[in-house]
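Contents: one structure, followed by commentary.
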Number of protein chains: 2
Amino acid sequence: MNPPAVRLLVCDDHAVVRAGLLALLGSAPGIEVAGEAGSGEEAVALATKLAPDVVLMDLQLGAGMDGAEATRLITAAPDAPRVLVLTTYDTDADITRAVEAGATGYLLKAERPEELFAAVHAAARGRPTLSPPVADRVMARMRSPRPSLTTRERDILAQLTQGLGNREIARALFISEATVKTHLRRIYDKLGVETRAGAVAVAKEQRLLA
Amino acid sequence: MNPPAVRLLVCDDHAVVRAGLLALLGSAPGIEVAGEAGSGEEAVALATKLAPDVVLMDLQLGAGMDGAEATRLITAAPDAPRVLVLTTYDTDADITRAVEAGATGYLLKAERPEELFAAVHAAARGRPTLSPPVADRVMARMRSPRPSLTTRERDILAQLTQGLGNREIARALFISEATVKTHLRRIYDKLGVETRAGAVAVAKEQRLLA
DNA sequence: TCCGGGGTCAACCGATCGGATGACACAGGC
DNA sequence: GCCTGTGTCATCCGATCGGTTGACCCCGGA
């Protein structure tokens with residue numbers, strides 16, 4: 001006799017995609033779709049109410065709570081369900097945030113459906129799954145120590161992406177222009193750029209900010 | 001007796017999403033999924049080979065041909081199928097390019113599945129469908145004459161997002177620095193920013209390029 | 001305890017940018 | 001034929017930025 005089906009909660013803000021996932025997963029062997037959520041808030045609520053085995057979570061959820069935050073809240077509960085992230089992007093920042101938030105696995109939407117089914121089952125047993133491109137990035141990160149920015153540098157960068165000048169950034173963060181310049185220099189070095197425009201481009205490209 | 005089912009070709013580069021759409025649409029009344037494509041090139045080829053009534057097209061297709069280009073090629077053929085764009089984004093640039101490429105409708109993935117079914121049937125009969133947010137943007141564009149950049153201004157902006165200085169941009173485009181500055185000034189005015197960093201941010205944010 | 005990383009600040013200088021203005025050529029539309 | 005939009009170029013100047021160097025404080029780990 002087969003083990004009981006994995007009870008699954010699907011969270012994705014795009015109704016069409018969500019409906020597609022429900023239709024797809026509903027027909028998968030050994031998987032039972034327990035519910036669906038269109039926002040992070042809803043996912044957190046339903047995770048408690050429905051007590052599924054696995055939550056399939058998109059990271060980009062439009063307005064409101066994002067997928068990483070929802071994952072954090074869901075996995076914080078005692079006897080929490082496993083969270084399997086299913087998203088489009090494989091940037092370092094996204095992966096890191098998801099894993100730190102307690103995700104059990106990280107799958108790309110570009111993955112084959114069979115891989116998704118397998119990952120859901122694996123997650124139910126607490127076994128992690130990473131899409132190959134994601135695994136590559138994790139490995140690469142291991143090898144190259146830390147290309148990441150400090151908290152303060154991210155603050156500066158955030159202001160920079162608003163198009164503010166040094167004086168305005170200084171005022172916004174209650175520090176001197178000199179300090180702003182110091183941070184900017186380090187940011188340029190870390191990002192491998194020479195100008196503020198380049199820094200903004202890299203920041204947006206690699207999603208370095210929330 | 002019912003009319004024959006609408007024959008549909010689904011194009012999306014994310015295998016999981018594509019499989020979900022197939023599962024979803026396969027169970028919809030009056031719709032028959034004729035095939036699926038994971039790239040623009042494949043979609044163009046299958047559009048000819050399968051001669052579907054409607055092609056459901058994602059705009060972001062990762063590497064290779066993008067959805068707009070595929071739409072252009074598909075609709076260029078005599079007796080071509082209708083192309084219904086189904087995507088995540090509702091930026092002016094995306095909408096404009098899709099419509100210019102010959103799309104019959106523009107739906108967001110956030111739309112309800114029933115709307116998608118209705119839009120597919122509408123498209124089969126040549127009737128356009130626009131998601132409400134998309135319609136809003138089109139209307140807004142009608143009212144405010146010109147928020148768009150000229151070809152040359154986009155060239156400049158593209159260089160700017162590489163973090164290049166005025167001199168480098170000038171050399172790259174074989175024009176003088178003075179000309180670069182003139183274009184930049186107009187770009188700033190159009191985008192409502194004051195600095196190059198701000199311009200890059202807006203460009204990335206609103207996907208004004210590529 | 002010493003050391004290193006993170007965060008803060010200062011002063012100086014050359015290079016670059018942004019602002020303002022004016023000009024010319026060419027295209028297409030009225 | 002005129003006018004508008006686009007693309008090109010120039011000059012001048014003040015403001016800002018980027019580069020460099022040096023410094024101080026705090027904290028936590030070796």
Side-chain angles (χ1 to χ4, degrees), chain A residues 92-93 96 100 141 144-204 208-210, chain B residues 92-93 96-97 100 141-204 208-209:
Chain A
D92 284 357
T96 302
E100 283 176 355
R141 161 153 302 209
S144 67
R146 290 264 108 188
S148 65
L149 302 177
T150 68
T151 305
R152 204 51 168 164
E153 284 162 355
R154 266 192 296 274
D155 291 341
I156 303 282
L157 188 54
Q159 300 298 318
L160 187 59
T161 60
Q162 305 300 314
L164 301 186
N166 290 348
R167 190 187 317 261
E168 299 165 296
I169 296 176
R171 271 202 260 272
L173 300 181
F174 305 106
I175 56 180
S176 80
E177 285 185 59
T179 303
V180 173
K181 291 178 71 173
T182 300
H183 286 306
L184 281 177
R185 178 95 295 279
R186 299 195 183 131
I187 292 173
Y188 295 161
D189 288 342
K190 289 185 179 179
L191 301 188
V193 301
E194 292 300 323
T195 66
R196 35 185 63 216
V200 172
V202 172
K204 293 279 184 184
L208 295 180
L209 305 172
Chain B
D92 285 357
T96 301
R97 291 204 311 145
E100 284 176 355
R141 163 155 299 208
M142 297 294 205
R143 282 191 287 271
S144 64
R146 302 253 100 196
S148 63
L149 301 177
T150 68
T151 305
R152 204 51 167 165
E153 284 162 355
R154 267 192 296 274
D155 291 341
I156 303 281
L157 189 54
Q159 300 299 318
L160 187 58
T161 60
Q162 305 300 315
L164 300 186
N166 290 345
R167 180 168 311 160
E168 297 164 299
I169 296 175
R171 269 203 261 271
L173 301 180
F174 305 105
I175 57 180
S176 78
E177 283 186 59
T179 303
V180 173
K181 292 178 69 172
T182 301
H183 285 307
L184 281 178
R185 178 95 293 282
R186 295 189 186 140
I187 291 173
Y188 294 163
D189 289 342
K190 288 185 178 179
L191 300 188
V193 299
E194 293 300 324
T195 66
R196 38 184 62 214
V200 172
V202 172
K204 293 279 184 181
L208 295 178
L209 304 172

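As a basis for the values below, the full set of heavy atoms in this structure was taken, side chains included, without hydrogen atoms, waters or symmetry mates. Below, read A as the first sequence line, B as the second, and so on, with proteins coming before strands; counting in each chain starts at 1.
- For N166(A), the listed nucleotide lying nearest its side chain is dC17(D); candidates were dT8(C), dC17(D), dT20(D).
- Between the CG atom of L191(A) and the C1' atom of dG18(D) there is a distance of 15 Å, rounded to whole Å.
- From one end of the helix from dT1(C)-dA30(D) to dC30(C)-dG1(D) to the other, with five pairs defining each end axis, the axis direction shifts by 40° (rounded to 10°).
- For the pair T151(B) and dT6(D), the criterion of a side-chain N or O lying under 4.0 Å from OP1 or OP2 is not met.
- When side chains are defined from C-beta on, L160(A) does not count as touching I187(A), because their heavy atoms never get closer than 4.5 Å.
- Distance check, rounded to the nearest 0.5 Å: CZ of R185(A) to CD of E153(A) gives 11.5 Å.
- In this structure the side chain of K204(B) never reaches within 4.5 angstrom of the side chain of V200(A), judged on heavy atoms.
- R186(B) has its CZ atom 15 Å from the P atom of dT4(D), to the nearest Å.
- Between R154(B) atom CZ and dG7(D) atom C1' the separation is 14 Å, expressed in whole Å.
- Atom CG of D155(A) and atom P of dG6(C) are 14 Å apart (whole Å).
- Counting heavy atoms from C-beta on, the side chains of T150(A) and R186(A) never come closer than 4.5 Å.
- Distance R185(A) CZ to dT8(C) P: 18 Å, rounded to the nearest Å.
- Counting to the nearest Å, the C1' atom of dT16(C) and the CD atom of E194(A) are 13 Å from each other.
- Distance CZ (R196(B)) to C1' (dG18(D)): 13 Å, rounded to an integer number of Å.
- DNA chain C is contacted by R167(B), K181(B) of residues 167-184 of chain B, taking any non-hydrogen atom closer than 4.0 Å.
- Spacing between atom CD1 of I156(B) and atom C1' of dG18(C) amounts to 15 Å, rounded to whole angstrom units.
- For the pair R152(B)/L173(B), a side-chain contact is recorded, criterion being any heavy-atom separation below 4.5 Å from C-beta on.
- Atoms CG and CD1, on L184(B) and I169(B) in that order, are 5.5 Å from each other to the nearest 0.5 Å.
- Proximity of R196(B) to N166(B): side-chain heavy atoms (C-beta onward) are separated by under 4.5 Å at one or more points.
- The side chain of Y188(A) sits closest to dG18(D) out of dG18(D), dG18(C), dG7(C).
- Atom CD1 of I156(B) and atom OG1 of T151(B) lie 12.0 Å apart (nearest 0.5 Å).
- Rounding to the nearest 0.5 Å places CD of E194(A) at 9.0 Å from CD of E168(B).
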